[in-house]
Amino acid sequence: MTESITDRLAREVRARRAALGLSQQDLSALAGVSERFVRFVEQGKPSIQLNSLLAVLDTLGLELRITTRTGKSAGSLAGHASGEETQR
């Protein structure tokens, strides 16, 4: 099973914070977000504010990237964009 984006994000943020020797409180103060928000990110909560998330990632020297992926949903969108109709 593929790891969800929120689970991967939580794992990466926890690991980077620990590697830098920061507490959740330290990170929240440096990023200008609440300690509760940092906990939510590290718990993989699916409902977080993007601007706050970007502040946390920037503070940790991490970045969020959006890339094109292939897959069932991406493939169906590509067919739709080229004018092809999907049969059901």
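We're numbering straight along the sequence, starting at 1. Side-chain atoms are counted along with the backbone in the values below, which use heavy atoms only and exclude waters and symmetry mates.
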Can you sort out the partners of R11 under side chain to side chain donor-acceptor pair (under 3.5 Å), two or more places apart, ordered by chain and number?
E3

If we check side-chain contact (heavy atoms from CB on, under 4.5 Å) with R16, which of these qualifies: L62, L27, T59?
L62

Taking only residues two or more places apart in sequence, or in another chain, which ones meet Q43 in a side-chain contact (heavy atoms from CB on, under 4.5 Å)?
R39, F40, K45

Please tabulate, for side-chain N and O atoms in residues 48-57, each donor-acceptor pair with protein atoms closer than 3.5 Å (sequence neighbours left out).
none

Can you list everything that forms a side-chain contact (heavy atoms from CB on, under 4.5 Å) with I5? Sequence neighbours excluded, please.
none

Using side-chain contact (heavy atoms from CB on, under 4.5 Å) as the criterion, list what pairs up with E63, not counting sequence neighbours.
R65

side-chain contact (heavy atoms from CB on, under 4.5 Å), that's the test. Do L60 and L22 meet it? Break it down for me.
CA-CA 10 Å; L60 294 173; L22 298 172; 4.1 Å; yes

Residues which pass side chain to side chain donor-acceptor pair (under 3.5 Å) with T6, listed by chain and number, not counting sequence neighbours
S4

For a quick test of reading the model, state the closest non-hydrogen atom pair linking A10 to G44 and the distance between them.
CB-N, 3.7 Å

Set of residues satisfying side chain to side chain donor-acceptor pair (under 3.5 Å) with respect to R17, sequence neighbours excluded
E42

Residues at least two apart in sequence or cross-chain that pass side-chain contact (heavy atoms from CB on, under 4.5 Å) with D58, listed by chain then number, are none

